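Comments concern the structure below.
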Amino acid sequence: MSFKDQFEKHSWDEVKESIYSKTDLDVEKALMSPKRTLDDFKALVSPAAAPYLESMAQLSHQLTQKRFGKTIQMYIPLYLSNECTNICTYCGFSLDNKVRRKTLTENDILQEVEVIKKLGYDHVLLVTGEANQTVHIDYFKKVLRLIRPYFSQISMEIQPLDQDEYEVLIPLGVTSVLVYQETYHQDDYKKHHPKGKKSNFNYRLETPDRLGRAGIHKMGLGVLIGLEDWRTDSFFTAMHLNYLERTYWQTRYSLSFPRLRPFSGGLEPKVEMNDKELVQLICAYRIMNEEVEISLSTRESEKFRNHCVALGITSISAGSKTNPGGYAAEPDSLEQFEISDERSPGEIAEMIRSKGYEPVWKDWDRVIS
Ligand code: SF4
């Protein structure tokens, strides 16, 4: 039994039609309901909800503050490798993008860690492309042993692994793993992933199940916004989250909403999502789910991120480099995508404080992990 069984009972077109046929009454019912359903979520992400954005924002703000207080967690990505054996049409690391490849050595990693620690971080997100020959389980083990003394919290955004591989990594200090489905539209998924292991839609779809069975503390879900209709993709993400929370109830969950950004060799988004729509989506998830953590990366602009602090997000990255060695070891290597908010971690922390919130650099201690 996995999410795939539930997923296969739903048709993309029917879900889409049902979202687009929601009315004012459906939105009002969703806003007033004491316990919201996935059908309410459809109403909250529908075009009919656009005029209710202010009410949604207020409710999202209240619910977030009730559960998380006035805090925003700080994290930073550490790109370990831009090697990748997959072709993904939207990514600068894609195999067919003829650029110089780099996988950090232990010495490179220590140089990166030194800079990241000076910035004040205690939570690092390790990111790699998917290259089985070089960026494999033994490489991950080596890296985790190397950096564990420097960080209380280590997250990973790496290739999907088997359950037994996750079971090896978790005791080495991994507290959370992010795995984005990119899109739940199977035909478009095929179009955007024509080559490599990632072209296996179902293996990716079932990754959160493998993580849950391995006993991960937290996992992150999301889609790449711009590949397909964002409202429908978000519904499937919400359904996936709902399933996982019921099945692996000891695990915590986070969501991200990466919007397609320019990169070397770039793909234009099929579907544009404007800032108001992203606010609507953040609020819809929060109103639907009071527990889920919501993260906003440096893909988003300075102005937008300032605005979102009080709306429903709970974690934010700052000072990010999206190229391996970007902090110190090899600043000129290829980046995965261009970042938009270039402020330093100190400036972001100050912005958070100016809004009456507290930036949290550490919310986990490996002594108790
Ligand atoms: S999205 Fe991931 S798997 Fe696809 S090309 Fe980029 S790094 Fe490789």
Side-chain angles (χ1 to χ4, degrees), residues 77-104 112 124-137 139-140 143 155-162 165-166 169 176-208 210-211 219-228 230 233 237 256-270 295 297-299 317 320-326 330 333-339:
L78 166 50
Y79 276 69
L80 297 171
S81 174
N82 61 13
E83 291 191 66
C84 193
T85 50
N86 291 321
I87 293 182
C88 300
T89 58
Y90 48 82
C91 177
F93 294 173
S94 184
L95 177 68
D96 55 350
N97 206 359
K98 298 295 171 219
V99 291
R100 198 164 54 80
R101 303 291 169 162
K102 167 85 183 166
T103 295
L104 299 189
E112 298 288 279
V124 71
L125 168 65
L126 303 179
V127 187
T128 67
E130 302 190 9
N132 286 323
Q133 300 302 316
T134 43
V135 192
H136 40 53
I137 185 81
Y139 179 78
F140 298 137
V143 172
S155 301
M156 294 185 102
E157 189 178 336
I158 56 170
Q159 65 196 66
L161 299 173
D162 291 340
E165 293 174 309
Y166 288 129
L169 299 184
S176 80
V177 173
L178 317 183
V179 57
Y180 302 134
Q181 186 60 31
E182 315 297 11
T183 176
Y184 289 84
H185 188 292
Q186 290 202 57
D187 290 343
D188 264 23
Y189 184 94
K190 262 188 221 139
K191 213 181 303 165
H192 290 294
H193 307 98
K195 185 172 187 303
K197 204 172 166 192
K198 194 167 175 177
S199 57
N200 186 337
F201 179 90
N202 284 335
Y203 186 72
R204 198 164 187 92
L205 189 71
E206 294 183 310
T207 306
R210 298 194 298 279
L211 276 163
M219 66 176 101
L221 309 177
V223 292
L224 181 59
I225 290 173
L227 296 186
E228 248 302 337
W230 64 265
D233 254 335
T237 310
S256 305
F257 320 97
R259 287 193 279 188
L260 197 54
R261 289 281 307 149
F263 69 94
S264 162
L267 169 83
E268 287 299 316
K270 173 178 173 183
S295 175
S297 80
T298 50
R299 283 174 185 259
S317 55
S320 307
K321 304 286 182 198
T322 69
N323 52 326
E330 194 158 331
S333 68
L334 176 78
E335 59 185 7
Q336 189 181 32
F337 56 87
E338 291 173 20
I339 65 166

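Only heavy atoms go into these numbers, but all of them, side chains included; no hydrogens, no water, no symmetry mates. In each ligand, atom 1 is the first atom listed, and ligand 1 is the first ligand listed. A quick note: this is a predicted structure, and the numbers were derived from the prediction, not measured.
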Checklist line | Given Asn323, Val127, Thr322, Asn82, the one that forms side-chain contact (heavy atoms from CB on, under 4.5 Å) with Phe93 | finding: Asn82
Check: Excluding sequence neighbours, so at least two apart, what forms ring pair (Phe, Tyr, Trp, His ring centres under 6.0 Å) with Tyr189?
Finding: His193, Phe201
Next item on the list: Could I get the full list of ring pair (Phe, Tyr, Trp, His ring centres under 6.0 Å) partners for Tyr180, not counting sequence neighbours?
Entry: none
Next item on the list: Return the residue, atom name and 0.1 Å-rounded distance of the protein heavy atom closest to atom 2 (Fe) of ligand 1.
Entry: Lys198 NZ, 3.9 Å
Check: Among the protein atoms near atom 6 (Fe) of ligand 1, how many are N, O or S and lie under 2.8 Å away?
Finding: 1
Margin query: Going by salt bridge (Lys or Arg N to Asp or Glu O under 4.0 Å), name the pairs with one or both residues in residues 77-101, residues two or more places apart or in two chains.
Written below: Arg100-Glu330
Check: Would a 4.5 Å heavy-atom cut-off, applied to side chains only, mark Val143 and Leu80 as touching?
Finding: yes
Note to self: Would you say that Val179 contacts Leu211 through its side chain, given a criterion of any heavy-atom pair below 4.5 Å between the two side chains?
What the structure shows: yes
